[in-house]
Amino acid sequence: MTTKTLFSRIIDRELPADILYEDDVCVAIKDIHPQAPVHVLIIPRKPIVNLSHAEPGDQAILGHLMLAAGEVARQLGVADAFRIMINNGQNAGQTVFHLHLHLLANKRFAEQGLFD
Ligand code: 5GP
């Protein structure tokens with residue numbers, strides 16, 4: 001028996017979350033510990049562990065996540081300026097092992113810095 005990920009439990013409504021967007025491939029929720037005024041997680045329904053575990057057959061899902069990020073950004077009124085981030089692996093800061101895009105916005109990002 002495999003254990004469901006935290007995000008699968010949220011997607012299946014077993015745990016609460018602020019769901020901002022969903023379609024048949026992915027769900028977008030507000031991050032519980034936001035790092036910016038807008039901090040949304042875009043999560044595929046398929047519990048891919050992370051990018052390193054994605055397979056060629058996941059190509060459509062990965063592309064879909066990008067398009068969904070653009071759609072969520074438009075819906076939230078931040079389409080002109082946002083950042084997308086993926087933490088891959090524990091040493092890169094991944095804490096939930098179910099692939100997700102971080103969408104961050106309404107923060108004054110450094111003009112040239114990648115990380116601030
Ligand atoms: P990671 O560190 O894996 O890249 O990102 C995991 C993200 O999930 C973190 O930003 C963390 O705040 C968020 N998170 C962890 N647990 C929950 C939860 O129960 N609900 C929501 N909405 N976000 C969560």
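Atoms within a ligand are numbered from 1 in the order they appear, just like the ligands themselves. Keep in mind that what you see is a predicted model, and the values were worked out from it rather than measured.
L6 CD2, 3.9 Å is the protein heavy atom nearest to atom 19 (O) of ligand 1. For atom 22 (N) of ligand 1, the nearest protein heavy atom (residue, atom name, distance) is K30 O, 2.9 Å. Among all non-hydrogen protein atoms, the one lying nearest atom 1 (P) of ligand 1 is H100 NE2, 3.2 Å.
Looking at Q35 against ligand 1, nothing comes within 4.0 Å, counting heavy atoms. Within the 4.0 Å heavy-atom criterion, both parts of I32, backbone and side chain, lie near ligand 1. When heavy-atom distances to ligand 1 are checked against a 4.0 Å cut-off, I86 has no atom that comes that close, whether in backbone or side chain. By the criterion of a heavy-atom distance under 4.0 Å, the side chain of L41, and not its backbone, is placed next to ligand 1.
The atoms of ligand 1 that sit less than 4.0 Å from any heavy atom of G93 are 1 (P), 2 (O), 4 (O). Listed by atom number, the atoms of ligand 1 under 4.0 Å from F7 heavy atoms are 8 (O). Proximity to H33 (heavy-atom distance under 4.0 Å) selects the following atoms of ligand 1: 12 (O). Those atoms of ligand 1 with a heavy atom of V96 less than 4.0 angstrom away are 3 (O), 6 (C).
Here the CG-NE2 distance, from D58 to H53, works out to 11.5 Å after rounding to the nearest 0.5 Å. Rounded to the nearest 0.5 Å, atoms CD1 (I42) and OH (Y21) are 9.5 Å apart. The structure places CG of L41 at 6.0 Å from NE2 of H100, a figure rounded to the nearest 0.5 Å. Note that CG of D12 and CZ of R45 are 8.0 Å apart. Values are rounded to the nearest 0.5 Å. The CD1 atom of I11 sits 4.5 Å away from the NE2 atom of H98 when rounded to the nearest 0.5 Å. Distance check: N50 CG to I86 CD1 gives 9.5 Å after rounding to the nearest 0.5 Å.
At least one N/O-N/O distance between H102 and ligand 1 falls below 3.5 Å.
Hydrophobic clustering (side-chain heavy atoms under 4.5 Å, transitive across Ile, Leu, Val, Met, Phe, Trp, Tyr) keeps L51 apart from V49.
Taking the six-membered ring where the residue is Trp, H39 and H102 present tilted rings, their angle falling between 30° and 60°.
When I43, D31, L99, N50 are ranked by how near their heavy atoms come to atom 11 (C) of ligand 1, first place goes to D31. Comparing N88, T95, N87, L104 by heavy-atom distance to atom 3 (O) of ligand 1, the nearest is T95.
In plain terms, the two heavy atoms of P44 and L99 that are nearest each other are CD-O, 3.1 Å.
Judged by the shortest distance from any of its heavy atoms, F97 lies outside the 4.0 Å radius around the atoms of ligand 1.
Of the candidates L65, L101, V72, C26 forms a side-chain contact (heavy atoms from CB on, under 4.5 Å) with just one, namely L65.
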